[in-house]
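Everything below concerns the one structure shown next.
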Amino acid sequence: MRGRVLIPLLLLTGACGAVDRDDDDTASPEDSGGDGTDASDPPGGDDTDGGADSDRAKDTDAPTETDVAPDTDGDTDPPVDTDPPPTFTVTVDPPRLELETGPDGAAPATFTASVLWSDGTTVAPGPTTWSVSNAVVGTVDTAGVFTASVDIGGTTDVIATIEGVEGRAVVVSRWVEVLDDPGVDATWFDVPSTPLASPAWTYPEDGTVLPRNVASVKFQWTTPPAKAYKLVFSTDVINLTVYTTELSWTALTEDWERITRSNAGSEVKVELYVATESGVFEAVPLTLGVDSFDAAGSVVYWSTSVSGMMEIPFGQPARSFFTSAEAGSCVGCHVISSRGIMAYNRGGSGGTLGMYDVSSETETYTGTQAAQDGRRTHYSTFSPDGAHLLTAFQGTLTLLDGETSAVVDTVLTASTVTQPDWSPAGDQVVFVRSTPCNSDIYLCKAGTNTLERMTWDGQAFGTPEVIHTAPAGELAYYPTHSPDGKWLVFNRSTGDSYDDPDASLWVIPADGSRAAVALGRANATGDLYNSWPRFAPSGTEGQVFWVAFASRRGYDSRGLPQIWVSAFDRAAADAGEDPSRPAFWLAGQSQTQNNHIPAWVDVAPPSVP
């Protein structure tokens, strides 16, 4: 074997002392510096003088049989070394470390690295560079000492790098904390528990999936009279215990972020224990999913309580967006383009079009000429680039310029079409056809109701084709494309499409190639008025999309129409299954307002004074 040339001699003369490979385990007189080579050896370590360490020599001054290639031409070939160069791996010890951290941190842990050669020998390492894969969980210094975060739990790799070769160890840091309530004696819970006879949780629902950046959740429950309650949030990387005397608990921002960001891409188990005079009872635990990604954009919704639009940048409180007081008229049924232009219905059932520039916070068109030039709308949709606006009014679709609102063309005049939605790729528009009526607000229950699509090539629309026909006695309406353009979520109900108690959410492929599937988990049970779904403008990298809709389900014992959000599992949709998950309340709303028509957009909102 040739001398080791991949690692500098520094590797073999480190702090652990000399490494001598002679058979007699003693350095020869010719060895200088104790490195196991003769002073006269060349840098590669090959022995040329036949000294006392000749057992390390692989090439001599005269070629041997194994060093000479077979002679086929009568000439003497040059020496050839047939041994492959040695390789090595780096190992880190301990290979796995589990520790507990919290507000007071954890004791530092020391890691060591070693080099293992392909011939089975292990030597002390040379210069080692230490790093971690997830610096949020902890840090490592130049000596391999790991210090866990005092803010969060999680998993990280501790990485040792020697001559460009990495070795890794895994650290699982579990955050442990107890949040005490001065009115609770924790020893009340130090007895065996028995199952609670009736369901306790009222919010959230078991199986709910949340974005990583969701605002803190208010956990709510009902039980028989009790002295106190104990909640335990547990995963591989967190154990948070909470004591309270209330029938709800909302985490502080830092505590909630610790739960969600420590467990992004996994699930959190939530247990509830109830201490009564007769003993301790345990509710059926919740399992909540936390998505690996944040939800992006803002939800702009219409609130009848303020007579105008409100906005919630996801994870933040609601704020005024554009109200009737500013417009001097009723405003609603809004859409917002990628260029930051909002089109809306101005004045109610008259169908006057309004245009509003979000960045400058000014109305660019107030509908004064609507009766003369056809710029009227109840429902609208922008092309993805914002260059065009397609409006629907009393059964007719009209194409407008997306910024100036000038009329470009009349698209369909069948007097039965409404509620258009442009695909994210810009290649098709889906709309509702309700025969024989021409009303946008109330669709016809008698006759035929279909969802149809028509292609768009950038210049003209194609011939409409049916992709879904509502069952007899039902209507299909409010279609919306998913961010990847593969799916349409829409409403079905037995009413007239306006404020229907049994309105429910459904999904079909955007090309109509499969039958519709109900979003059963998002719909929940009962007459909840689940209406007007809209997807978040998220990218396509995550496993789930987010669908916002209005619903009158209870939250804080109230049943007002509010904005709710459900996860949409893309893999389940591909498999033809219900892709929805139980919905969560969009935090930041006023719980005393009536909120409808969420438009989830990804543009800069108006400035805040």
Side-chain angles (χ1 to χ4, degrees), residues 134-137 149 151-156 175 177 203-205 207-220 233 235-238 240 249-270 286-301 310-319 321 336 482-484 522 533-549 555 562-570 579-591 595 598-605 608:
N134 186 356
V136 174
V137 175
S149 169
D151 296 318
I152 198 170
T155 302
T156 184
W175 174 274
E177 187 178 14
Y203 182 84
E205 189 176 342
T208 300
V209 176
L210 305 166
R212 184 176 58 181
N213 62 329
V214 70
S216 185
V217 171
K218 183 177 184 179
F219 291 85
Q220 304 168 42
F233 297 81
T235 71
D236 290 341
V237 296
I238 197 166
L240 175 65
W249 180 76
T250 305
L252 297 175
T253 299
E254 58 268 26
D255 292 322
W256 182 246
E257 288 184 349
R258 186 172 295 122
I259 293 172
T260 56
R261 297 196 177 275
S262 294
N263 296 283
S266 60
E267 294 181 333
V268 179
K269 181 181 180 181
V270 188
L286 297 178
T287 299
L288 303 179
V290 181
D291 191 55
S292 300
F293 297 91
D294 291 349
S298 290
V299 180
V300 179
Y301 57 92
M310 300 290 292
E311 181 222 11
I312 294 180
F314 195 88
Q316 301 179 32
R319 59 197 186 194
F321 189 86
I336 304 177
S482 61
D484 60 359
R534 283 294 181 267
F535 278 96
S538 58
T540 58
E541 71 280 1
Q543 181 182 352
V544 302
F545 294 136
W546 306 105
V547 182
F549 59 98
Y555 179 81
Q562 296 264 284
I563 307 304
W564 290 72
V565 179
S566 171
F568 181 96
D569 190 306
R570 300 167 62 192
S580 69
R581 296 296 178 265
F584 60 91
W585 179 74
L586 181 62
Q589 302 172 84
S590 168
Q591 298 169 42
N595 302 328
W600 204 325
V601 296
D602 194 16
V603 297
V608 179

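The analysis underlying the following values was restricted to heavy atoms, covering all of them including side chains, and did not include hydrogens, waters or symmetry mates. Throughout, numbering of the chain's residues begins at 1 and tracks the sequence.
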With a 6.0 Å cut-off on the ring centroids, do Trp249 and Phe233 count as close? yes
Is there a donor-acceptor pair under 3.5 Å between the side chain of Arg258 and the backbone N or O of Asp151? yes
Can you name the nearest heavy-atom pair linking Ala536 to Pro483, along with the distance? O-CG, 3.2 Å
Given side chains that start at C-beta, do those of Arg261 and Val136 come closer than 4.5 Å, heavy atoms only? no
Hey, does Val547 have a side-chain heavy atom less than 4.5 Å from the side chain of Ser580? no
Can you tell if the side chain of Glu177 reaches within under 4.5 Å of the side chain of Asp255, non-hydrogen atoms only? yes
Exercise: identify the closest heavy-atom pair between Gly542 and Phe293: CA-CE1, 3.6 Å
Any donor and acceptor pair, going by atom type alone, linking the side chain of Ser298 with main-chain N or O of Val601 inside 3.5 Å? no
When rounded to the nearest 0.5 Å, the distance separating CG of Asp291 from CG of Asp569 is 9.5 Å
Between Ser262 and Thr235, is there a side-chain heavy-atom distance shorter than 4.5 Å? no
Tell me if a side-chain donor or acceptor on Glu257 pairs with a main-chain N or O of Asn213 at a distance below 3.5 Å. no
How close do Ile312 and Ala587 get, counting heavy atoms only, and between which atoms? CD1-O, 3.7 Å
Identify the heavy atoms of Trp175 and Gly153 that sit nearest to each other, and give their distance. CB-N, 3.8 Å
Taking the side chain as every heavy atom from C-beta outward, state whether Trp546 and Val299 have any atom pair closer than 4.5 Å. no
Looking at every heavy atom in both Glu311 and Tyr301, which two are closest together, and how far apart are they? N-CE2, 4.5 Å
Mark yes or no for whether Trp256, through its side chain, and Val214, through its backbone, hold a donor-acceptor pair below 3.5 Å. yes
What I'd like to find out is whether the side chain of Val237 reaches to under 4.5 Å of the side chain of Asn263, using heavy atoms alone. yes
Asp236 meets the salt bridge (charged side-chain N to carboxylate O under 4.0 Å, His left out) criterion, sequence neighbours left out, with none
As an exercise, state the distance from CH2 of Trp600 to CD1 of Ile336, rounded to the nearest 0.5 Å. 13.5 Å
Are any side-chain N or O atoms of Gln589 and backbone N or O atoms of Ile563, one a donor and one an acceptor, separated by less than 3.5 Å? yes
Is there side-chain contact between Tyr555 and Gln220, with at least one heavy-atom pair below 4.5 Å? yes
Report the distance from atom CZ of Arg212 to atom CG of Asp294, rounding to the nearest 0.5 Å. 4.0 Å
Side chain of Ser216, backbone of Ala251: donor and acceptor closer than 3.5 Å? yes
Compute whether any side-chain donor of one residue and acceptor of the other, for Thr287 and Glu267, lie under 3.5 angstrom apart. no
List the residues meeting ring pair (Phe, Tyr, Trp, His ring centres under 6.0 Å) with Phe584, not counting sequence neighbours, and say none if there are none. none
CG of Leu210 to CD1 of Ile259: how many Å apart, nearest 0.5 Å? 10.5 Å
Any donor-acceptor N/O pair, Tyr203 side chain to Trp585 backbone, under 3.5 Å: yes
